[in-house]
Amino acid sequence: MTTVSSSGVRPGAPPPPSPALSPGAATFSDGVLTAAEWVAAVAEVVRRIRAGEVSKVVMARDVDVRTQRPLDVRHLLGRLAARYPACWTFSVDRLVGATPELLVRREKGLAASRVLAGTIRRTGDDADDLRRAAQLARSSKDLEEHELAVASLVRGLRPYCASINVPEAPFVLHLPNVMHLATDVTGVVDGTFGHPSTFPAHSRDGRGPSSLALAAALHPTAAVGGTPTGLATQILAEAERMDRGRYAGPVGWIGADGDGEWGIGLRSGELSATDRHRMRLFAGCGVVAASDPEAELAESEAKLRPCGRPSAADPVPPHVPCRPTSMPPGTPSRSTMEPPRRARSGRSP
């Protein structure tokens, strides 16, 4: 540890941190909409989709949580990292969560994104979960939702890449609470393309989009807004009747060389700025013409588990591996959103 003192007297060691305490028992209550009101709102969105107004809308809902003792973000992060090791755990300006979705990573000229769209709840029974995974992989509704999200990502990424690789079919990503259809998209960043938000040091020849420029170009994707983006976000704002705040926005880091990693702030909760016992949880579901509003409600409940369960005092469950756990070659996955551990000139923490 480096210390600086104008008096020449070396300061004493800082006091040890206080222990991260559990918030104890938690009570949950409806957010802006009750469950029944949200189901009705989803039904209206499905009607508008079937009428041809839009192809997909991602409907989010919120749930309020009140805890017995003050919330300690260190405790929440520790529980999330232990329960969801295959996700990126984050804390940004009171938004805390564990996201499974990588908006974009840029490293050594390679861009990578993980698209998630299409979800089914896990039961905890291995044989049944394998059957449900096969069901998800064949679901026309979920495949349509996923295809729209991948197409949205590729459209946003294409102007910034010399080449893009998109697998022919998604794989099923297994998480402790749900399974997703997932596609890992990679691209070679076009170093000859200058973007207004880039800096001279952000590529070897002084040109090319930084990771932050790529994140700005991609957000919001169809996975968090819908298709087409402009109309879908207008419809969801009318239907949700809430301010999402930082929910579903990019969270991550950028280095001095422009490399960086940005996830999507999903499976998250917002700590209250005025009440240390209160937290607002979020979950969203992609709605298409074949969606069933009650099924979307059940999916949202499953997605609320990552940000709600860490407040409980129950033991951490056994590790459930994510299959597959790795991104394509050259894009190693990390369990927390942090820069690579190797030393690199100009890297910001």
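Sequence positions, counted from 1, serve as the residue numbers for this chain.
Checked by atom type, the side-chain pair Thr123/Asp129 shows a donor-acceptor distance below 3.5 Å. Side chains of Ser139 and Asp142: a donor-acceptor N/O pair is present below 3.5 angstrom, by distance only.
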**Report entry** Step-by-step side-chain contact (heavy atoms from CB on, under 4.5 Å) determination, Val65 to Thr27
**Finding:** CA-CA 6 Å; Val65 182; Thr27 57; over 6 Å; no
**Report entry** side-chain contact (heavy atoms from CB on, under 4.5 Å) between Met59 and Trp38, worked out
**Finding:** CA-CA 9 Å; Met59 283 285 292; Trp38 191 79; 3.9 Å; yes
Query - Derivation of the side-chain contact (heavy atoms from CB on, under 4.5 Å) call for Arg244 and Leu236 - result: CA-CA 11 Å; Arg244 289 188 175 188; Leu236 71 85; 3.6 Å; yes
Requested in this report: Apply the test side-chain contact (heavy atoms from CB on, under 4.5 Å) to residues Asn177 and Tyr84: give CA-CA distance (whole Å), side-chain angles for both, the deciding distance (0.1 Å), then the verdict.
Outcome: CA-CA 9 Å; Asn177 56 324; Tyr84 299 91; 3.5 Å; yes
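Crowding of Glu299 atom CD: a count of heavy atoms from other residues, nucleotides or ligands under 6.0 Å exceeding 12.
Salt-bridge annotation for Arg47 and Glu44: present, with a side-chain N of the basic residue lying under 4.0 Å from a carboxylate O of the acidic one. Salt bridge absent: Arg276 and Asp72 never bring a charged side-chain N and a carboxylate O closer than 4.0 Å. Residues Glu37 and Arg61 are not paired through a salt bridge, judged by the lack of any N-O separation under 4.0 Å between the basic side chain and the carboxylate. The pair Asp64-Arg280 does not count as a salt bridge, with every side-chain nitrogen at least 4.0 angstrom from each carboxylate oxygen. With respect to Glu296 and Lys141, a salt bridge is recorded, a charged nitrogen being found less than 4.0 Å from a carboxylate O. Note on Asp93 versus Arg246: salt bridge recorded, some NZ/NE/NH1/NH2 to OD/OE distance being below 4.0 Å.
The same ILVMFWY cluster, assembled from side-chain heavy atoms under 4.5 Å apart, contains both Leu271 and Leu304. Linking ILVMFWY side-chain heavy atoms closer than 4.5 Å, directly or via other members, places Val54 and Val288 in two distinct hydrophobic clusters. Under the 4.5 Å side-chain contact rule for hydrophobic residues, Leu33 and Val58 do not share a cluster. In the hydrophobic clustering of ILVMFWY residues, with side-chain heavy atoms under 4.5 Å counting as a link, Val42 and Leu266 come out together.
A donor-acceptor pair under 3.5 Å is formed between the side chain of Thr99 and the backbone N or O of Ile264.
Screening Pro70, Pro23, Ser272 against His277 for a side chain to side chain contact (heavy atoms under 4.5 Å, CB included) leaves a single residue, Pro70.
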